[in-house]
Each structure stands twice: as structure tokens, then as C-alpha cells.
Amino acid sequence: MPRYNPAEIEPKWQRYWEENGTFRTPEMPSGDKLYVLDMFPYPSGEGLHVGHPEGYTATDIVARFQRKRGKTVLHPIGFDAFGLPAEEHAIRTNTPPRESTEKNIATFRRQLKMLGFSYDWDRELATTDVAYVRWTQWIFLVLFDTWFDLSQQKGRPIAELPIPDDVVAEGDRAIRIYQDEHRLAYQADALVNWCPALGTVLANEEVVDGRSEVGGHPVQRLPLRQWMLRITAYADRLESELEDLDWSSGIKKLQKDWIGRSTGAEVDFFVGPRDQFQEWSNRRKQTGLPRKPNYDVLRVYTIRPDTLFGATYMVIAPEHPLVQRLTTPEQTLAVQAYCTAAANKSDRERTELVKKKTGVFTGSYAINPVSGKPIPIWIADYVLISYGTGAIMAVPAHDTRDFEFAQQFGLPIVPVVDPGPQREGADRQQVLDGNSCFAGEGTAIHSGPYDGLATSQFKQKIAEQLDAVGMGRAAVNYKLRDWLFSRQRFWGEPFPILHELDDQGNPNGLLRAVVPEQLPVNLPHLDDYKPHGRPEPPLMKAPESWLYPTLDGRRYMRETNTMPQWAGSCWYYLRFIDPKNDACFVDPKKEAAWMPVDLYVGGAEHAVLHLLYARFWHKVLYDRGHVSTKEPFHRLVNQGMILGEVEYTGYQTEDGQWISAQLVRRDVDGNPIARQTGKPVTEVKLGTDQATKRGDSVVLVDNAEIRVDSRAHKMSKSRGNVVNPDAIVQDYGADSLRLYEMFMGPLEATKPWSMSGVNGVRSFLDRVWRLIINPRDDEMILNEAIQDIEPTEEQLRVVHRTIEAVTHDLDHLEFNTAIARMMEFVNYFTKQSVRPRKAMESLLVMLAPFAPHICEELWQILGHDRSLAYEDWPVFDEALTRDETVVVPVQVGKKVRARIKVPADCEREQLEAIARAEPTIAALLESKEILKVIVVPGRMVNFVVK
RNA sequence: GCCAGAGUGGCGGAAUUGGCAGACGCGCUGGAUUCAAAAUCCAGUGUCCUUAAGGACGUGUGGGUUCGAGUCCCACCUCUGGUACCA
């Protein structure tokens, strides 16, 4: 079989690598190490998607490239296997989720092996492995055993938490509760989506418009006891320590914005009887600002304390603890109605109606601490209880939200910042008249002694002043919230926590951690997975023997919440370093040798949460001395999405007439309608022969008046444009799939799939094959052009230039251009009737990271008896990459008028002289005055003439 | 709204510091081979004008800097992704 047949050689080499342990990684690196990591997949029932191999091929190329350069490479893979779909499948079919999970993992494993990735399969793991869950639980216990020392900005053992004297005086129980309140893992009530009809708690993504995604049943918001992780304690470090990471600025910014650090001030507004304000403020001068606000004040957070004089009213969130206290009898009914309505709204409902602000007056007033004037206190749901203090001072002249609200309810608008005369965009007079809102910086007006100050100076001064009189202080806030870390689900890691029971068998509020030696806490056997119809977690159905253990003669109830899917993915990169260790989550010596991850590649959808959570866990482990690096992932790259093939879509009205695409728009549900009539139109999928490009638009071939849409869509089952890697491997081979995914364009770009593109790289591999094998022979023999002779000078130059370019491109993850250079190499040598063996071998070593199977096969046919996986990467001689002569363009005016052939190292003066001597140039220069001559040696000559 | 990224041939995309725009691939056209086709090989292929030689134009739009701009600056348009009142 002299023809290139991937179906035969790919399984052959996959077997070879497996049998010879080619990619088995040593326990410890020798020489330089490189840790190349993929974001491990969730093994869905759908199997691998063409999006997966994009990142996986990129990292595989890097791994194979660097092995040839002598690095010890750690390149593992595993499975993020807990998750909702498996549990849903279990409920439907009453089979344990572990069964379907293992089946799906088997499919993924087969598909990954079929693509020839050089993973060390001995290190494979799944987050659902009992031996893995054990250490996930162990890390949870570390979090449970840690408190955050603000002054040291560091997590420390709970035993070192200083206990205040008054707590000590209260006794042991009080001390334990005090400790529990300070742990990084703590309990709190949080709202869940309880669906009575389904009898289960739903995840946010399972709720659409306040109803269950499945069945459309109503969903209630219900407070439930939950586990929280105190990620907010690490907010500052999570932000500042991004600095040294080699991540794209976009991802860093995304994380920064998510953390959302802001600086401003907390200010107390007196809400007691008006005639007691003076007395109160005098008292504050003595006592200073209390740590927690008393009931006679409303504490607000603002990033613009400089606009304090413009605060004309206040707003508190409907959930604010002072709502009742501040509501006057006349307003009680209205306030109650408003707060109830707000409570029943889902988060999304609250934000969907952004256009119109709603609110209700409490009847009470607060005193503006700087002006002494009373201002009304309102309740409105545009103020969120979860941010800042849940209360704001409203400055309608300088905050768009407050401005909208003030207009809605006729509240006064007092400008206190002059945008200044040069400020464009903001109509100054409109702002000064209180008719327009200006949120920028400027100069203070109507602000008493502060008039004339610039915003930034004002901010600083007023913070000092408020502090001095005990009415406020500088403050920092974050958008980041603590991490809701429990789920009311079966298919997740159980918490290694026991609740102490009293004599009546009820939890008494005291907790006990399972000792590490007794981990893992395994999931119990359930007879069925159907919801039990109560909001409590499904593990409440567990057998008594599991649910109620007895320790030291005391009865406990196990924690029945389970951990979210994020848990397992927060530390898998550490376990890969030492996956079989049953004494420790990772051997510290190995950890120090392999960490950090040098290159981490995955989808942008994990840019915020997964990376933030993993970094948080890593920092806690670092503080507690379990890992050696502050950050886990040194370099991060997000691969772009792969879209389906480009599609042409035309539109027809109800009567079957074509309608031009620019006359079609989408309604709120995304359905196409005619722009003019608002009537629905039909999408018609067109073949490539039905549409053509006319100018800047694509039109029907039959009617150029009718424009059609031309674009690539996200791959989706419903659209039917999903490309299945199995089919590509069957029709073209794994090497072609790998090569095509890399040749499509830059790794980070979004790119449309194209079958003819796959065909194109396949014919490149066919050409590579014929370059070395004689296709006309029946036997597998070398092409007669392959000879054991030294390359000619020209051939040598092609070889060295290719090495230079491919090496450079791989160092920069520019795979598409590296492939283009190797194509040029092949095009050149295909035309050569003599092809020196050495040159061919260089090509195979360079191409092998991209298309490993065909290269191994050809390498073997060239007479080698060992895999080329560790063959040295070819080096180039710079002298051999340069031409002796170069062609340099000569411009007169703005036009290229001649090209001259000169020695590559031609000096400036000589180059100009040769250019002047060129007949066409000389003729052109004769009648002109030369103003300037620009000479760039090796590049160009330009005569600037009049 | 806001934030980020991107607009280059018929298509995917190339283009070190500003220095020959369109590498490489797809598609298309012509030729060789073939009884024919597929496959393969060779040549051509930005647009327009011209019989030709040659010329003009050309990197979303408009301006600017420069001897020189796809690349730098300003304004705008379009698309893609993300986000949702965070005081």
C-alpha cells in the first residue's frame, strides 16, 4: 500500500506510543521542566466536539516541540466529571450517575487517544474518582480550618485566631461559634430557586423568566442554609497578584472588573429626631465613627464623597434592616406592598425592567451631615442590599441612576460639580441648571467651604474632615461576593462535616470536621434518585447508617449539601503532579519541581469563575504552606471558538416573495420580522450557488436587488451544523484534523469551519507522503529522489529558513504560519528531482508535533528504528538563511519606478549610487530637483523630488 | 448603555521596528496526463482601464502625522463576544 493511509498508520503509532510508554513522564523533571495543561473536559454524553481538539492540539504541539528541545514535559489530561447532566440522567433512568459518567469518560478517552495526543495517560484522573474526592474534601477541611488575618493579609490556622475576652467569658460554645464565624468556609442563609412542582432546587441556568426551564413551572426564592467560601477576603490579592502573570490584558481586565474594587467613603446620615442632630454630631466628635452603625444612623457607601452637598435624598434597598423602623405609619401599606413585590421578583426580572425606576417613600428624613438639611428616605430596588451598605445617598445631578429616579418622582436636583467650560459632551449650562446629569470630574460648586476644589482634591479633603468629626471614613468595596459553595444535589462531593445533635436529635449549631484519616466521605447508595419533594438536599434520602454516624458516643448528622462542580477543577492541576499519592494530596518536593503550570490553554468561558476560584484555593494552600507558588497558572491562552460552515440565508415574506436582508430585523424573541410591516418572515437556507457577492453585500444570483445574510453560526444541534471529530478522522485522518484546526487561523481567533479547508491540508499531507514515498510502486519504497547526499546551497537555504521560521512561530504559538512555511518547503522540494535525506528528516522532525502519525511512519521508512518523539529539534545557521543578493525597490516620488538587485550587505552610499545609476531612475531624476534621499539598506531607496 | 476584540481578494487568512499589501491554503481559469473521469502535475488568478506595452485605484469610512501608513493619532460606521442599575 504505497498510498498515504491514515486509517492504517494512525492506530499503529498510537499503539506503539502506548506499548512503549513513549510519553510517560518521570516523577521528577531532569533539567528544564515544562508543565503544559489543557482545561480538562466535562465528559458529556455528546462526545468530543471539534472545539476541544483546537486547544488540545495547540498544547500537544507545544509539548512535542519542547520534548525535542530537551525539556521534561508534563502534559496530562483528566475529566471534570461531576455535574448536572449525569444526575438528570440518573433521575430519568434510575441508574447511578457514576455509571453514565464512566461510560462518557470511556468515549472521551477513546476519542482523545484517536487524535494522537501525547498525554501521559498514567496520570489520567476524574474528579469523581473516590481517591480524588478524598483530597478535594481534604482541601475543604483546610479552608474550614483557616481564617483570614486582615493585618497580615494571609490565611492562618483557626487555632491562632485571637478570641476577644467577652467571648472567652461566655464559654466554650461561644468560642466555637466565634471561630465558625471566621472560617474561610462558613454557613449562611442564601436564596435558592425552589420549584415545588418538580420538588427540587434548580440552578440559576435552569430557571428562565422565573419558571423552570423544564416544564415551565413556577419557581420560588427560598432562603436555605448554605456553605459559603470567603473569597472576598482574598479580593485584594486576587487583583494585585494578576500583575506578574503572562495573561492577555483582556482576561486580566475581566477578572479585575469581576472583583470590582472601588475606593470611596462610608458616611453616616443621622435619622433620629431632627432637633437631636446637633447633639448627635457633637457626640460623634468625641466618640468617632463606630465600627458598626447604630440604629440612629443610615450608613452609606459612596465613591463620590465630593458630591455630598448634592445629596438631595437617600435610598435603601427593600431588604434593608432599617426599612420597618424608618417607615412612618401613613406609609406602611405602600412600603409593605413594594417590598413584597420586590421580594418576589427574580434577579433577572429586577434588571429586565431597567427603563423605568420604581420606589416608595418611607415617610422619614435623614440629615445631610454637611449641610444639616433634612432629605427624604426612599426605598427602591435599584439599590442592591448585597453591595456596599445597602443604602445610598442620591446625588441626582451627578449619577445617572439617581437622576432618572429623581425625574421619575420629582425630587430636587442640585448640581455641585461644574463640568468646566472646555468639557465637551456635557452641556455645561444644562448641568448647572439641573436639567442634565454629569457623572465626570470637575470643580466643586454649591459646596460651602469646598467651592472651587477639583474633584480629586475634594475627595481627599472631605474624607479627612468626615473622619475628624466621626461621621465617615475612607472605605473600599468589591463587587465580588463570597462564593456560594453548596448545591442541593446528589452528584457532587459530600462535605466532610458533621452537625452535632442535641438530645432531641436536632442540630445544636455546633460543627465537627471529619478527621482527614477518615476521608473520603463517600456518597451513599440511593435506591432511586427521584426528588423527595422538599427543598433540603437529596442526600436527606440517604440510609440512616450514613446520615447519622455516632462518634465518641455522640450522635451526629452528616452535612447533606454537596459541593459544586467548580470544586474538583480548582486543584486538578496539582494532582496531576502526583496522581497516585495516597499519603498526601501532592508530594511537596514534586510540587515544587513542577509548579507553576507554564502554559494553560482553554476556552474563554472559564476566563472569570474557574480561574478566579482556582487562584483563590491556590492562595489558601500557599498561605497554609501546602504549595510553593503564589499563583497556579503562569501563562494563560484562550482558544477562539470554532463556528460552523458559512451559511447564506435569504428571507421570504408570508406570500413567498423574497425580501432583502437589510429590510429584516429581529423581534424581542430573536425571530426575523419585516422592518416595515412587523410581519414575520421565513429564513431560507441557500446553497453556495444561489448567492453571490455584489459590492459590499451578498445578493441572490437570480435577483441582485435582494440581499442575503452571509455568516458562520455557532455550532449547535438545533442548527444542524455540528462537525463530529469522529467523522473527520474517519474521512481524512487525525493528522489532517489536527493540522486543519491549527491552519484555520490564529489560536485565539473565532474561526468558521470549512470542509474544503480540511481537504486542503489532507492533500498537503499526501504531498509530504509522495515527497518521500514512491506512490507508483506496489511496495513501500522510498522515492528515488531521496538520496544520501549533501544539499545544494539553495536547498540548504530553504531548509534553514524553514527551521528559523517554524521555530520562531512555535515559540509564539503561531501555528498557522508555521504550517504555511512547511507547505512552502514541500512545494519547493516537490520540484527538486534530488531530495537530500537530511533535508527530509529535518522536515519530519518539524512537522511531527503537528502531524505525529505520518511523520513517525515516514521516519521509520527512512530507516530509523526508534520513535522521533525525542529526536533533537533542528537548529538553523543564521548565515545560511540569508540571500547573497536582494532585490530592492527604488521609489521616485511615491511610486516604485525600478527594482535593483544588490548584494545583501550593500552599504547605504553604495545602494544610493546603484539606484541613481539605474537607467529608468536616472532618466526620471534628470529633470527633477531632489529634496531628500531616504535609504534603508536591504529594504528600499526613495528619492523625494519636486 | 458599558467593556473587550475584530473589519485586508470570491473565501480562511499572511505581512519583525511604519519600508515591495495579499505569504500559505481553499475556490476559480487554462494546460498536461487520460478513451473518459477522479487523482496528480504545470501555469495563471486584487479591482478597473487598455489590443498590448503600460496605467489608475486598492487593507470598513472620513480626516491627520510622515519621504513613506494595513501598521501610529483623532472622529465615525459595522460585526462578534461579554456584561447588566455594584452607588
Side-chain angles (χ1 to χ4, degrees), chain A residues 3 248-251 253-254 257-258 260 262 264 300-304 307 315 347-348 350-355 357 380-384 386-395 398-402 404-405 439 477-481 604-605 607-608 640-641 643 646 688 691-693 696 698 710-712 714 740 743-746 748-761 763-764 766-767 770 775 805 808 812 814 816-824 826-827 830-831 887-896 899 931-934 936 938-945:
Chain A
R3 283 185 62 172
S248 73
S249 59
I251 296 291
K253 190 166 181 308
L254 227 51
D257 289 350
W258 190 265
S262 72
V300 303
Y301 172 71
T302 175
I303 56 166
R304 291 295 299 269
T307 59
V315 184
D347 283 352
R348 194 177 291 173
R350 269 199 185 190
T351 54
E352 257 174 11
L353 304 161
V354 283
K355 281 170 215 144
K357 296 250 183 307
D381 63 4
Y382 83 90
V383 171
L384 308 175
S386 50
Y387 184 79
T389 60
I392 62 155
M393 62 174 210
V395 185
H398 305 291
D399 180 287
T400 50
R401 297 153 300 183
D402 298 343
E404 283 168 21
F405 190 81
N477 251 301
Y478 301 91
K479 287 191 205 175
L480 184 70
R481 303 290 143 75
E605 65 272 23
V608 177
M641 207 190 330
L643 305 174
V646 173
T688 39
T692 185
K693 186 139 183 184
D696 283 338
V698 182
S710 154
R711 59 168 291 204
K714 255 188 217 178
Y740 175 64
F743 189 58
M744 290 171 86
E748 297 184 70
T750 303
K751 312 161 277 265
W753 186 266
S754 152
M755 270 314 169
S756 51
V758 185
N759 203 40
V761 294
S763 44
F764 164 65
D766 280 321
R767 282 161 70 80
R770 288 195 302 270
H808 170 272
H812 294 85
E814 290 162 6
N816 53 333
T817 48
I819 294 166
R821 300 314 290 262
M822 290 188 282
M823 286 174 167
E824 287 180 293
V826 171
N827 290 345
T830 295
K831 293 191 174 79
V887 175
V888 171
V890 183
Q891 297 180 11
V892 178
K894 293 185 180 182
K895 298 268 179 291
V896 176
R899 289 170 211 283
L931 298 176
K932 201 172 173 186
V933 184
I934 292 124
V936 185
R939 287 276 191 196
M940 47 81 67
V941 181
N942 186 2
F943 294 98
V944 184
V945 295

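Proteins come first, then strands; the chains are lettered A, B, ... in the order of their sequence lines, and each starts at number 1.
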For A/Ser262, which contact category applies under a 4.0 Å heavy-atom criterion: base, sugar-phosphate, or nothing? sugar-phosphate

Using O4'-C1'-N9-C4 for purines and O4'-C1'-N1-C2 for pyrimidines, with syn meaning within 90° of 0, is B/G27 syn or anti? anti

Which part of the nucleic acid, if any, lies within contact of A/Asp766, taking any heavy atom under 4.0 Å across all strands shown: a base, the sugar-phosphate backbone alone, or nothing? nothing

How long is the straight-line distance from CE of A/Met393 back to OG1 of A/Thr307, given to the nearest 0.5 Å? 3.5 Å

Side chains of A/Ser262 and A/Tyr301 only: does a donor on one sit below 3.5 Å from an acceptor on the other? yes

In whole angstrom, give me the gap between the C1' atoms of B/C35 and B/G25. 34 Å

Can you tell me which stems involve RNA chain B, if a stem is defined as three or more consecutive Watson-Crick or G-U wobble pairs, both distances under 3.5 Å? B:1-7 with B:77-83, B:10-12 with B:24-26, B:27-32 with B:40-45, B:46-49 with B:54-57, B:60-64 with B:72-76

Please list, chain by chain and in numerical order, all residues satisfying side-chain contact (heavy atoms from CB on, under 4.5 Å) with A/Ala391, sequence neighbours excluded. A/Leu298, A/Val300, A/Ile316, A/His320, A/Thr389

If you find the nucleotide of RNA chain B closest to A/Ala391 and the one closest to A/Arg821, which residue's nucleotide is nearer the 5' end? A/Arg821

When the P atoms of B/G10 and B/U83 are compared, how many Å lie between them, rounded to an integer? 36 Å

Nearest-angstrom distance from the residue atom CZ of A/Arg3 to P of B/A39: 11 Å

Working to the nearest 0.5 angstrom, can you tell me the gap between A/Lys932 NZ and A/Phe943 CZ? 14.0 Å

Look at all strands and tell whether A/Arg481 reaches a base, only sugar-phosphate, or nothing, counting heavy atoms closer than 4.0 Å. base

Given the C1' atoms of B/A4 and B/A87, what is the spacing between them in whole Å? 24 Å

Can you list everything that forms a side-chain contact (heavy atoms from CB on, under 4.5 Å) with A/Thr830? Sequence neighbours excluded, please. A/Arg767, A/Leu771, A/Val826

Across all chains, not counting sequence neighbours, the side chain to side chain donor-acceptor pair (under 3.5 Å) partners of A/Arg770 are none

I need the CD1-P distance between A/Ile251 and B/G82, as an integer number of Å. 13 Å

Touch class at under 4.0 angstrom, heavy-atom based, for A/Arg711 against every strand present: sugar-phosphate

If the C1' atom of B/G19 is compared with that of B/G70, how far apart are they to the nearest Å? 13 Å

Any side-chain to backbone donor/acceptor pair from A/Ser763 onto A/Asp766? Under 3.5 Å, distance only. no

Look at the side chain of A/Lys932 and decide which nucleotide, out of B/A87, B/C67, B/A23, has an atom nearest to it. B/C67

Expected output: side-chain A/Lys751 to main-chain A/Ala749 donor-acceptor under 3.5 Å: yes

Side chain to side chain donor-acceptor pair (under 3.5 Å) partners for A/Asn759, two or more places apart: none

Residue list, side chain to side chain donor-acceptor pair (under 3.5 Å) with A/Arg481, at least two apart or on another chain: A/Ser386

Identify which nucleotide among B/C24, B/C85, B/C41 has an atom closest to any side-chain atom of A/Arg770, counting heavy atoms from C-beta outward. B/C41

Using a heavy-atom cut-off of 4.0 Å across all strands, would you classify A/Gly760 as base, sugar-phosphate, or nothing? sugar-phosphate

If the P atom of B/U8 is compared with that of B/A52, how far apart are they to the nearest Å? 31 Å

Which whole-number value in Å describes the distance from A/Met823 CE to B/C26 C1'? 10 Å

Could you check how far CE of A/Met393 sits from P of B/A87, rounded to whole Å? 13 Å

Contacts of A/Arg767 and A/Gly757 projected onto RNA chain B by closest heavy atom; the upstream (5') one is A/Gly757

Sub-3.5 Å donor-acceptor pair from the side chain of A/Asp399 to the main-chain atoms of A/Asp402, do we have one? yes

A/Asn827 CG to B/U40 C1', straight-line distance once rounded to whole Å: 14 Å

For A/Met641, what residues pass the side-chain contact (heavy atoms from CB on, under 4.5 Å) criterion, not counting sequence neighbours? A/Leu643, A/Lys714, A/Thr750

Kindly write out the residues that satisfy side chain to side chain donor-acceptor pair (under 3.5 Å) with A/Ser710, not counting sequence neighbours, or none if the list is empty. none

Taking only the P atom of each, what is the distance from B/G9 to B/G62 in whole angstrom? 15 Å

For atom CE of A/Met641 and atom C1' of B/U80, their distance in whole Å: 8 Å

If the P atom of B/U45 is compared with that of B/C24, how far apart are they to the nearest Å? 12 Å

Check whether A/Tyr387 reaches the backbone of A/Tyr478 with its side chain - one donor and one acceptor, N or O, closer than 3.5 Å. no

Give a yes/no verdict on a cation-pi contact between A/Lys357 and A/Tyr382, requiring under 6.0 Å between NZ or CZ and the six-membered ring centre and an angle within 45° of the axis. yes

Rounded C1' spacing from B/U50 to B/G54 in Å: 8 Å

Between the protein and nucleotides 2-4 of chain B, which nitrogen or oxygen pairs are less than 3.5 angstrom apart?
| unit_1 | atom_1 | unit_2 | atom_2 | d |
| --- | --- | --- | --- | --- |
| B/C3 | O2' | A/Lys253 | NZ | 3.4 |

With A/Gln891, which residues qualify under side-chain contact (heavy atoms from CB on, under 4.5 Å), at least two apart? A/Val896, A/Met940, A/Asn942

Which parts of nucleotides 12-20 of chain B does protein reach within less than 4.0 Å, heavy atoms only, written one letter per nucleotide 5' to 3' as B for base, S for sugar-phosphate only and - for none? BSS--B-BB

All N/O pairs under 3.5 Å across the protein-nucleotides 27-29 of chain B interface:
none

